[in-house]
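Report on the structure given below.
Whatever order the structure lists ligands and atoms in, that order sets their numbers, starting from 1.
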Amino acid sequence: MSVIVIIKRWLSYSRNFPLNLYLKRLNQQPTVNYCHTVSFSNIQRISLINRFFNNNCKMYDWNNLPRPNVIFVLGGPGAGKGTQCNLISKKFGHVHLSAGDLLRKEQNTAGSQYGELIAEHIKNGTIVPVEITCKLLMNAMLENMISLAKMVEGNDKPIATGNFLIDGFPRNQDNLDGWQKFVGDKVNVQLVLVFECPEEVYIARCLKRGQHSGRADDNPESMKKRLDTHLNQTMPIVKYYEKLDLVKRIDSSRSIKEVHEECCTILQSLMAQAK
Ligand SMILES: Nc1ncnc2c1ncn2[C@@H]1O[C@H](COP(=O)(O)OP(=O)(O)OP(=O)(O)O)[C@@H](O)[C@H]1O
Ligand SMILES: O=c1ccn([C@@H]2O[C@H](COP(=O)(O)O)[C@@H](O)[C@H]2O)c(=O)[nH]1
């Protein structure tokens, strides 16, 4: 069994990370490769984990991992963010992380202290506090970065990097501030893809999806609130990134194939510049 522990020196909110639960969970699933983040102040407990696992424990520090590339993907509800991220991920190998999916998963995790809060925000189309979303995103990123680092083990310092599509984040000023505070220049934000449709297309797509999605927010009442949040809270974030010349707006009212082709052109040009 191998256990991976990542030391995060810079995330104060995980200071009280419940390591007891962590150990308990590992006991119950002793064969899994487990990856979680703990703060630097938990270093003594890390040595406890080390003893517990006979020193069969690998430690990584985010600061020594290669700086990953991030593309943020924004757009109104039903704009096609998830659909296009899946296609991009298949073609270019980016890791697709949907903030909404991570929140829904957390909401459905038994015993989560955030379940009710997340459910309430999703139903009302409002934005979950960044401490929660950022932590979920960062844990997911770190797990992927560690897998990549493992592929090049043998080097003193891992050389692999990651390319991430972060779908549906940052959604408002609180998200943006939190991202800058917790992640900041530890990643390289390369681009912000913004998918845009007329309002009636957003509504039609989500209501159609609502016939089978089981989502608490694919209904007319939640849609109104989500559109309002998109217009008044997310679009200012798009404008912020526009000032940094990072935004590509895409008309996503066209067919999935047409939208994907435009995404491919944009990504190919980005990769050519990055070489
Ligand atoms: N270009 C398109 N033309 C027609 N239907 C589409 C297109 N893109 C996506 N869809 C459909 O619209 C619905 C919403 O798409 P998707 O889930 O990708 O959007 P999203 O932006 O991720 O939504 P949300 O933010 O609400 O999660 C899905 O049922 C999807 O199959
Ligand atoms: O960064 C985020 C992303 C999402 N939310 C909440 O989840 C729902 C659904 O998100 P989708 O991206 O449409 O799946 C969204 O309306 C928010 O309530 C969030 O709070 N923060």
Short version for Arg226: what comes under 4.0 Å of ligand 1, heavy atoms counted, is side chain
Please write down residue, atom name and distance for the protein heavy atom closest to atom 1 (O) of ligand 2. Gly168 O, 3.2 Å
For the CD atom on Gln268, are there more than 12 heavy atoms of other groups (residues, nucleotides or ligands in this structure) within a distance under 6.0 Å? yes
Asp217-ligand 2 polar pair, N/O distance under 3.5 Å: no
Side chain or backbone of Thr133 under 4.0 Å from ligand 2, or both, or neither, by non-hydrogen atoms? side chain
For the NZ atom on Lys248, are there more than 12 heavy atoms of other groups (residues, nucleotides or ligands in this structure) within a distance under 6.0 Å? no
Protein heavy-atom partner closest to atom 19 (O) of ligand 1 - residue, atom, separation in Å: Gly80 N, 3.2 Å
Between the candidates Lys81, Arg215, Gln211, which shows the shortest non-hydrogen contact distance to atom 27 (O) of ligand 1? Arg215
Heavy atom of the protein closest to atom 2 (C) of ligand 1 (residue, atom name, distance): Arg205 NH2, 3.2 Å
Between Glu131 and Lys135, is there a salt bridge with N-O shorter than 4.0 Å? no
closest protein heavy atom to atom 20 (O) of ligand 2 is Val128 N, 2.7 Å
Taking atom 22 (O) of ligand 1 as the reference point, the nearest protein heavy atom with its distance: Gly82 N, 2.9 Å
Within-cut-off N or O pair, Asp167 and ligand 2, under 3.5 Å: no
Applying a heavy-atom cut-off of 4.0 Å, say which part of Thr126 lies close to ligand 2: side chain, backbone, both or neither. backbone
Go through the steps for Arg209 and Asp218 under the test salt bridge (Lys or Arg N to Asp or Glu O under 4.0 Å), then give the verdict. CA-CA 7 Å; Arg209 186 178 59 187; Asp218 278 344; 2.9 Å; yes
Has Glu200 got more than 12 heavy atoms of other residues, nucleotides or ligands less than 6.0 Å from its CD? yes
Tell me the contacting part of Asn175 for ligand 2: side chain, backbone, both, or neither, using a 4.0 Å heavy-atom threshold, strictly below. side chain
Among all protein heavy atoms, pick the one closest to atom 1 (N) of ligand 1 and tell me residue, atom and distance. Arg254 O, 2.8 Å
Under a 4.0 Å heavy-atom limit, does Met223 contact ligand 2 with its side chain, its backbone, both, or neither? neither
Starting from atom 19 (C) of ligand 2, locate the nearest protein heavy atom and write down its residue, its atom name and how far away it is, to 0.1 Å. Leu103 CD1, 3.4 Å
Nearest protein heavy atom to atom 16 (O) of ligand 2, by residue and atom, and its distance? Arg171 NH2, 3.8 Å
Nearest-contact summary for atom 28 (C) of ligand 1 - protein heavy atom, Å: Arg209 CD, 4.1 Å
Shortest heavy-atom approach to atom 18 (O) of ligand 1 - which of Val259, Leu87, Thr83: Thr83
